[in-house]
*Asks:* 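Take a look at the following structure, please.
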Amino acid sequence: MSGSEEKNRSVFPTARELLAKHGLLPKRSLGQNFLVDTRVQERIVDAARVSGQDVVVEIGAGLGALTARLFPRAASVIALERDASLARVLRAEFAGAANLQIVEADALKFDLVAAAQAAGRPLVVVGNLPYVVTSPVIFATLEAAAGGQVVDRAVLMVQKEFAQRMLSPPGGREYGRLSVMVQQAAETEILFHVGPGAFLPPPAVVSTVVRLRPRAQPLCESSDAGLFSLLVREAFGTRRKMLRRALEPAFGSARVAAALAAAGIAGTRRAEELSVADFVRLAQALAHA
Ligand code: SAM
């Protein structure tokens, strides 16, 4: 047993103990790298600043490493877990926790809007995200976030490379659709990095904990959200092409020319050179072109 797992003993059975007790092995296909470093578990829960009024949605509860630290602090926790055998473990291990609801479900199908309505307040989303669904979970969370009405904040562990793409400024190779979509919808910060040794089994990559706060007013007006999303998708679909060429198939050459002129953006530029503010201006211009 590693030092970090040993420290976990006083709080909750270790991942290794729980797997042995329930006769399970981690499933790679579901991204099951369990967080065993108690210091990191604590830092993630601290970063979510959970208080007694908060309703927390935990994505991918696994063997309950974060769950065990969340429900004593929150008004209630909805722990989503796709794997039926892990949902059974969670139900057995947390049988006495009245403010914890274990939901065996695909997090991508979970209705955050309905959960926030039932809670009567914006949710706190926490998760050591399974690698396989990181991108769709973040897009779905931001889409549902509704300017902070549905999700107040999210503290998520993702792959380091993914976090860098989310926060990348224009110009770099990491700057892309993810960067623009996340930055227009949320204030995002990198909190800390976590090495492979903090997990069982250790993943091949370094992980990063990020905090997202959906903007009360996304940079792009909500009426233009669909258009903005299409614009960014098309622009980066062929990121090496000049903007004008990349956008013409979806929007038509006359409309693209008019919108670029109105937004003051040269059609010869490439998507990776445009700032988030440029994309917002261009979406507004397209809406009126
Ligand atoms: N939270 C635990 C921890 O920190 O040790 C487990 C984290 S593990 C990286 C990701 C968990 O998400 C796994 O338990 C996996 O079964 C679960 N999972 C994978 N895909 C999921 C999905 N679509 N919806 C809900 N849970 C999912």
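In this text, all values refer to a predicted model and were calculated from it rather than measured experimentally. Just so you know, ligand 1 is whichever comes first in the structure, and atom 1 is the first atom listed for that ligand.
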*Asks:* Taking only heavy atoms of L86 into account, list the atoms of ligand 1 that are under 4.0 Å away from them.
*Replies:* 14 (O)
*Asks:* Short list, please: which atoms of ligand 1 are under 4.0 Å from a heavy atom of F34?
*Replies:* 5 (O), 6 (C)
*Asks:* Note the single closest protein heavy atom to atom 14 (O) of ligand 1, along with its residue, its atom name and the distance in Å.
*Replies:* E81 OE1, 2.7 Å
*Asks:* So does R49 pair up with D152, basic N to acidic O under 4.0 Å?
*Replies:* no
*Asks:* Enumerate the atoms of ligand 1 whose separation from the nearest heavy atom of A105 is less than 4.0 angstrom.
*Replies:* 24 (N), 25 (C)
*Asks:* Salt bridge or not between R88 and E81? Use side-chain N to carboxylate O under 4.0 Å.
*Replies:* no
*Asks:* Who's the nearest protein heavy-atom neighbour of atom 6 (C) of ligand 1, and how far?
*Replies:* G60 O, 3.4 Å
*Asks:* Which protein non-hydrogen atom lies closest to atom 21 (C) of ligand 1, naming both residue and atom, and how far is it?
*Replies:* R82 CB, 3.7 Å
*Asks:* Between L35 and ligand 1, does any nitrogen or oxygen pair lie at a separation below 3.5 Å?
*Replies:* yes
*Asks:* May I ask whether K27 has any heavy atom positioned less than 4.0 angstrom from an atom of ligand 1?
*Replies:* no
*Asks:* With a heavy-atom distance limit of 4.0 Å, tell me whether A15 approaches ligand 1 through its side chain, its backbone, both, or neither.
*Replies:* neither
*Asks:* Could you find the nearest protein heavy atom to atom 4 (O) of ligand 1 and give me its residue, atom name and distance?
*Replies:* N128 ND2, 2.9 Å
*Asks:* State yes or no: are the ring centers of F94 and F71 separated by less than 6.0 Å?
*Replies:* yes
*Asks:* Could you tell me if any non-hydrogen atom of G64 lies under 4.0 Å from any atom of ligand 1?
*Replies:* no
*Asks:* May I ask you to decide if A225's main-chain N or O and S229's side chain share a donor-acceptor pair within less than 3.5 Å?
*Replies:* no
*Asks:* Which atoms of ligand 1 have any heavy atom of Q32 under 4.0 Å away?
*Replies:* 13 (C), 14 (O), 15 (C), 16 (O)
*Asks:* Between R211 and E189, does any side-chain N to carboxylate O distance fall below 4.0 Å?
*Replies:* yes
*Asks:* Under a heavy-atom criterion of less than 4.0 Å, does D106 contact ligand 1?
*Replies:* yes
*Asks:* Could you find the nearest protein heavy atom to atom 18 (N) of ligand 1 and give me its residue, atom name and distance?
*Replies:* P130 CG, 3.7 Å
*Asks:* Might you confirm whether atom CD of Q164 has over 12 heavy atoms from other residues, nucleotides or ligands at distances under 6.0 Å?
*Replies:* yes
*Asks:* Record the part of E58 in heavy-atom contact with ligand 1 below 4.0 Å; permitted values are side chain, backbone, both and neither.
*Replies:* side chain
*Asks:* Tell me the protein heavy atom at minimum distance from atom 15 (C) of ligand 1, and give that distance in Å.
*Replies:* L30 O, 3.3 Å
*Asks:* Could you go step by step and tell me if V210 and M166 meet the side chain to side chain contact (heavy atoms under 4.5 Å, CB included) rule?
*Replies:* CA-CA 10 Å; V210 294; M166 279 167 70; 4.2 Å; yes
*Asks:* Is the shortest distance from a Lys or Arg side-chain nitrogen in D46 or R73 to a carboxylate oxygen in the other one below 4.0 Å?
*Replies:* yes
*Asks:* Flag the pair R69 and E42 as a salt bridge only when some basic side-chain nitrogen lies within less than 4.0 angstrom of an acidic carboxylate oxygen.
*Replies:* yes
*Asks:* Is the positively charged end of R270 above the ring of F236, judged by distance under 6.0 angstrom from the centroid and angle within 45° of the axis?
*Replies:* no
*Asks:* Taking the six-membered ring of Y175, is NZ or CZ of R165 closer than 6.0 Å to its centre and within 45° of its axis?
*Replies:* no
*Asks:* Which residue owns the protein heavy atom closest to atom 24 (N) of ligand 1, what's the atom, and how far is it?
*Replies:* A107 N, 2.8 Å
*Asks:* Please confirm whether N33 comes within less than 3.5 Å of ligand 1 when only nitrogen or oxygen atoms on both sides are compared.
*Replies:* no
*Asks:* Could you tell me whether a side-chain N or O of R153 sits under 3.5 Å from a main-chain N or O of A48, the two making a donor and an acceptor?
*Replies:* yes
*Asks:* Which protein heavy atom lies closest to atom 8 (S) of ligand 1, and at what distance to 0.1 Å?
*Replies:* G31 O, 3.4 Å
